[in-house]
Structures are given as C-alpha cells and as structure tokens.
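Have a look at the structure below before the remarks.
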Amino acid sequence: MMAEVAYIGGYTPDTGGSGTGITVVELGSLTRLGTTPASGPSFLAVHPRLPILYTVGESERGTVGVYALGEGAPTPLGQRPSGGSFPCHLSVDPSGRLLAVANYGDGTVSVHRVGAAGLLTELCSFPYRDGSHAHQTVFGADGVLYVPDLGAGEVRRYLTDPDDDRVVPHPDGPVRLAPGMGPRHMTRFAGHWYVAGELDGTVRVYDDAWNEVAAAPSSSAPGTNYPSHLEVSGGFLYVANRGPDTVSVLSPHTLEPVAEVACGGSWPRHFAIADNRMYVANQRSDGVAVLVLKDGVPQPDPVVFATGTPACVLTLP
C-alpha cells in the first residue's frame with residue numbers, strides 16, 4: 001500500500017525559479033521520495049480514477065505534461081502544447097475525459113480530450129480579448145467550465161458534454177464581477193461560489209444566479225494584500241494572503257474572521273489540507289510549511305520542507 005504523499009511543483013531555473021521539477025514527499029515524515037525533472041510545473045492535477053498526474057509548463061510556449069504515478073517519482077509519459085502562453089492552472093473534469101488549461105499569458109482557455117489511458121488527444125482553444133489573464137479552470141457539477149479571468153474582471157463560462165467531448169462558449173456569456181476585483185481563484189461550498197480578488201484583496205460570495213451576497217477583506221493586516229488560493233474545509237474558509245504572508249480563517253457563512261496566522265514563509269502561492277494539517281507553498285522562501293490545524297486554526301511554529309520556489313501542493317491518499 002502506498003503511503004500518503006504530496007506532490008510539489010513550482011518554478012525551475014528556466015522559468016525564473018530554483019526548483020528541480022516535481023518533488024514527491026511522504027506526509028507525516030516529510031521524507032523526500034523522489035524528484036522528476038520538469039520545466040516550470042507551477043500547477044498540478046490528478047486524474048479522478050487513473051494514477052496519472054498532469055502539470056503545466058509555465059513558459060511563453062506553454063506545455064502540459066503527463067506522468068504515471070507509482071512508488072517514488074512520477075514517470076514522464078508525454079508532453080504537448082498547452083494551447084497558449086504561460087499556463088498557470090489546469091483541472092480534469094469528474095468524468096476524466098476532459099482537461100482544461102488556463103493560459104495566463106494570452107488568456108486562452110484550452111480543453112484537451114483525455115484518452116482511456118490518461119494521455120491527451122485532441123485540443124480545442126478559446127482565445128479571448130487583449131488584456132485577458134485566465135487564472136484557473138473549474139469544472140462545475142452543472143456541466144459548466146468556469147474560468148476566473150483576472151485581466152477581464154469576470155468569470156468566463158463554457159458548456160461541456162463529456163459524452164461527446166463537446167465544449168462551447170456558454171450562450172449567456174461571462175459573469176461580470178466587481179470592478180477592479182481581479183478574480184484569481186474560486187471554490188464552491190453550500191450552494192455558493194467563493195472568489196478571491198487578487199487586485200482588491202477581497203473575498204466575495206455569489207449565489208447560483210451570480211448575485212453577490214457577501215464581501216470582505218481577506219486579511220486585516222496593514223499594507224497591500226494579493227490573495228492567492230482559497231478553499232473550504234472542515235467548516236472554515238481558508239485564504240492565503242501574499243504581502244501579509246498569512247493564512248486567514250473565515251466563516252464561510254458570514255465571512256467573519258476567525259483567525260489570521262503567519263503562513264510559515266514568504267508569498268504563500270497555494271496550499272493543500274490533509275490529515276488535519278495545512279501544507280503551504282511559500283514561493284519566495286523556498287519551502288512548504290506544514291501547519292497543524294487545531295480546531296480548524298493553523299498553529300504557529302510549523303515544520304518547513306525545503307524546496308525551490310514552490311507554487312503548488314497536491315496531496316493524495
């Protein structure tokens with residue numbers, strides 16, 4: 001039986017960082033199990049059923065890498081163009097037949113068909129207007145692909161049909177959000193969408209009709225804040241704050257602050273929660289901080305796993 005592990009991706013010397021590729025770490029002991037060389041794997045995703053890992057290659061000529069998972073380091077299976085420039089996020093739909101990529105550089109959203117063995121086949125791309133910066137891809141349970149676009153200030157929408165692998169722009173178009181917000185990442189909880197505003201430092205909540213029902217600063221610390229990732233877990237909403245270098249704990253129902261704690265490093269780009277611990281990828285301090293959760297609140301004095309310019313942590317049982 002495989003141990004519980006985390007896969008860590010980030011920036012490599014050819015993409016402005018100091019990392020070595022995809023690093024595998026055993027949870028608990030934080031033993032390094034192996035590293036697979038890769039160029040700029042700044043975000044990772046796993047197939048919902050197959051032992052297959054996907055990574056972006058965040059460069060001007062963006063790529064998507066496909067890797068087999070097993071004991072130790074992932075094994076490369078293939079690589080193909082991402083369909084745009086500087087891809088920063090990717091995800092696989094619940095059926096395991098579609099993979100969507102957010103290309104931050106030119107704003108293009110690309111959707112790749114996934115074969116039975118997990119390899120990528122055909123590709124369709126959806127370019128957007130100048131100044132667009134697609135930042136995340138989220139497959140909703142309603143068959144819609146959602147794409148927060150930081151540059152356009154909206155959430156783009158596409159209809160998906162995994163039965164025939166069809167993807168088309170949503171007939172109702174994108175959802176316009178608060179001016180100047182800069183939507184970066186979003187997550188779903190209890191019938192609502194939660195969206196982090198990178199440019200105005202807020203978290204905003206929307207109902208299914210995309211009416212804004214709540215908004216609050218994601219940090220109470222002084223100075224400029226650039227929220228990155230957010231996630232609901234164990235009845236709390238967690239938000240990583242770059243600038244203050246903190247993690248905020250909020251009530252998902254009211255956005256009232258519960259706690260705000262140091263992230264254990266500098267520039268928290270992403271985090272994952274597993275086994276009552278939070279794993280924070282602190283990009284500028286070259287480490288993943290492991291914060292124990294007590295009653296849902298990250299505790300001080302974390303253990304730090306050293307790794308170059310981490311940008312994403314993916315935990316798997």
Exercise. Applying salt bridge (Lys or Arg N to Asp or Glu O under 4.0 Å), name anything that partners Glu231, two or more places apart in sequence or on another chain.
Key: none
Self-check item: Listed partners of Ala73 passing side chain to side chain contact (heavy atoms under 4.5 Å, CB included), at least two apart
Solution: Thr36
Exercise. Not counting sequence neighbours, which residues clear side chain to side chain contact (heavy atoms under 4.5 Å, CB included) with His170? List them please.
Key: Val144, Arg157, Leu159, Asp172
Quiz item: Which residues pass the ring-ring contact (aromatic ring centres under 6.0 Å, His included) test with Phe126, sequence neighbours left out?
Solution: Tyr158
Practice problem: Just jot down the side chain to side chain contact (heavy atoms under 4.5 Å, CB included) partners of Val232, sequence neighbours excluded, or say none. | Solution: Thr187, Phe189, Leu237
Quiz prompt | side-chain hydrogen bond (donor to acceptor under 3.5 Å, both in side chains): pairs with one or both residues in residues 275-287, sequence neighbours excluded | solution = Arg269-Gln283
Quiz prompt | Pairwise salt bridge (Lys or Arg N to Asp or Glu O under 4.0 Å) hits with a residue in residues 123-144, at least two apart | solution = Arg129-Glu154
Quiz item: Looking at residues at least two apart in the chain, or sitting in another chain, which of them share a side chain to side chain contact (heavy atoms under 4.5 Å, CB included) with Ser228?
Solution: Arg184, Ala240, Arg242
Quiz item: Can you list every salt bridge (Lys or Arg N to Asp or Glu O under 4.0 Å) pair that touches residues 203-221, not counting sequence neighbours?
Solution: Arg188-Asp208, Asp200-Arg204, Arg204-Glu212
Side-chain atoms of residues 297-305: list all donor-acceptor pairs with protein atoms under 3.5 Å, sequence neighbours left out, distances to 0.1 Å.
{"unit_1": "Gln299", "atom_1": "NE2", "unit_2": "Val297", "atom_2": "O", "d": "2.9"}

Exercise. Each residue besides Tyr226 in its hydrophobic cluster should be listed here, by chain and number; the cluster joins Ile, Leu, Val, Met, Phe, Trp and Tyr at side-chain heavy-atom distances under 4.5 Å.
Key: Trp267
Only distances under 3.5 Å count here; give the side-chain donor-acceptor pairs of residues 215-223 to other protein atoms, sequence neighbours excluded, each with its distance to 0.1 Å.
{"unit_1": "Ser218", "atom_1": "OG", "unit_2": "Asn225", "atom_2": "ND2", "d": "2.8"}
{"unit_1": "Ser218", "atom_1": "OG", "unit_2": "Asn241", "atom_2": "OD1", "d": "2.8"}
{"unit_1": "Ser219", "atom_1": "OG", "unit_2": "Ala221", "atom_2": "N", "d": "3.0"}
{"unit_1": "Ser219", "atom_1": "OG", "unit_2": "Glu260", "atom_2": "OE2", "d": "2.5"}
{"unit_1": "Ser220", "atom_1": "OG", "unit_2": "Glu260", "atom_2": "OE1", "d": "3.1"}

Exercise. Show the numbers, then the answer: is there a side chain to side chain contact (heavy atoms under 4.5 Å, CB included) between Thr160 and Asp93?
Key: CA-CA 9 Å; Thr160 69; Asp93 84 300; 5.9 Å; no
Quiz prompt | Identified ring-ring contact (aromatic ring centres under 6.0 Å, His included) partner of His135 from the options Tyr146, Phe86, Tyr104, Phe43 | solution = Tyr104
